[in-house]
Amino acid sequence: MKISAGLKTLIEAAAPYWAGEAEVFTTYWSWDRRSRQSDRQWLAYQCSKEVWGSGLGSLDKGIFLGPAEELIAVFPRIDSGRENGVDRHKVLEIAEGLWAEFAHYCAFADAHDALGEAGEPKLSPQSVKLAWKEDRELSELRVKHRAEHPRLGQRATSFTEGGYCTLFSEGMKLAHQAGGQHARANALIAEACAKVYEDEFGHMLKGIVGLDRETMTGADWKLLEALSVAQLKLRILMRNSQFGYPLASNRLAELLDGKARPLAFDYDKAQLAA
Ligand SMILES: [Fe+2]
Ligand SMILES: [Fe+2]
């Protein structure tokens, strides 16, 4: 598929912020304040995102309970032929989304629990329900964008989902690094990230593909870019806090300014011809 000029501009606007998010992880992996406890903390926070959704769904139901209730509600209407009928493939998509996000939750929860010591309790969806401040701020911004601009707010949320998967791609690279004291944690993190990476790349693509099937005016593209960049900046703050603030404050300011070297978008993997 050949992409439009509008979509290409949007990707270029996002690329420095994706790189900024990636820098949180690469800085953290070799940070001298990294510990077993800090690894358990960010993994628990990641589990919170995988089950409660960071504003991808409704704030109180998240991305497990929301789709689960939706499946029950739509079941009697599958291909009913009535006006409120629901296509079976749409229902399969909801079920797949639920399965995928819960599989991600399990991957990170397994890594978290494997790093536990005797007497430390297993993680549960309820124990990670209260997201941290910066994640709540991202969630609330996404909800606000959808309320103010239903169509483009949803587009921006889908476009920024997963932040170009940099946590998962950078986490996977830990499998090939000499880990020293973190060797076991690195192996567990790399394994969890590898399980999640392909799914989340697909989720991001879903947010991108389809954009070019919609009628978008120049003003629409401008607004979508503004909403997306605002969300991507909050993603950097959310990640920095998730990992215990590994970035130096001057570097954080640069990254929020979009000064990172832009990440190279993989047009081939996205099956988009630039
Ligand atoms: Fe996920
Ligand atoms: Fe996802």
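In listed order, ligands and their atoms are each counted from 1.
Listed by chain and number, the residues in a side-chain hydrogen bond (donor to acceptor under 3.5 Å, both in side chains) with E161 are H203 (sequence neighbours excluded). Not counting sequence neighbours, the partners of Q46 by the side-chain hydrogen bond (donor to acceptor under 3.5 Å, both in side chains) test are E50, R239, Q242. Not counting sequence neighbours, the partners of N186 by the side-chain hydrogen bond (donor to acceptor under 3.5 Å, both in side chains) test are R34.
Around the Fe ion (ligand 2), the protein atoms of type N, O or S found under 2.8 Å away are E101 OE2, E161 OE2, E200 OE1, E200 OE2, H203 ND1, listed by chain and number.
Counting just the N/O/S atoms of E50, the one with the shortest distance to the Fe ion (ligand 1) is named OE1.
Between the S241 side chain and the L237 main chain, no donor and acceptor come within less than 3.5 Å of each other.
Under the 30°/60° scheme for interplanar angles, the aromatic rings of F243 and Y28 are found to stand perpendicular.
Between R88 and E93 there is no salt bridge, since no side-chain nitrogen of the basic residue lies less than 4.0 Å from a carboxylate oxygen of the acidic one.
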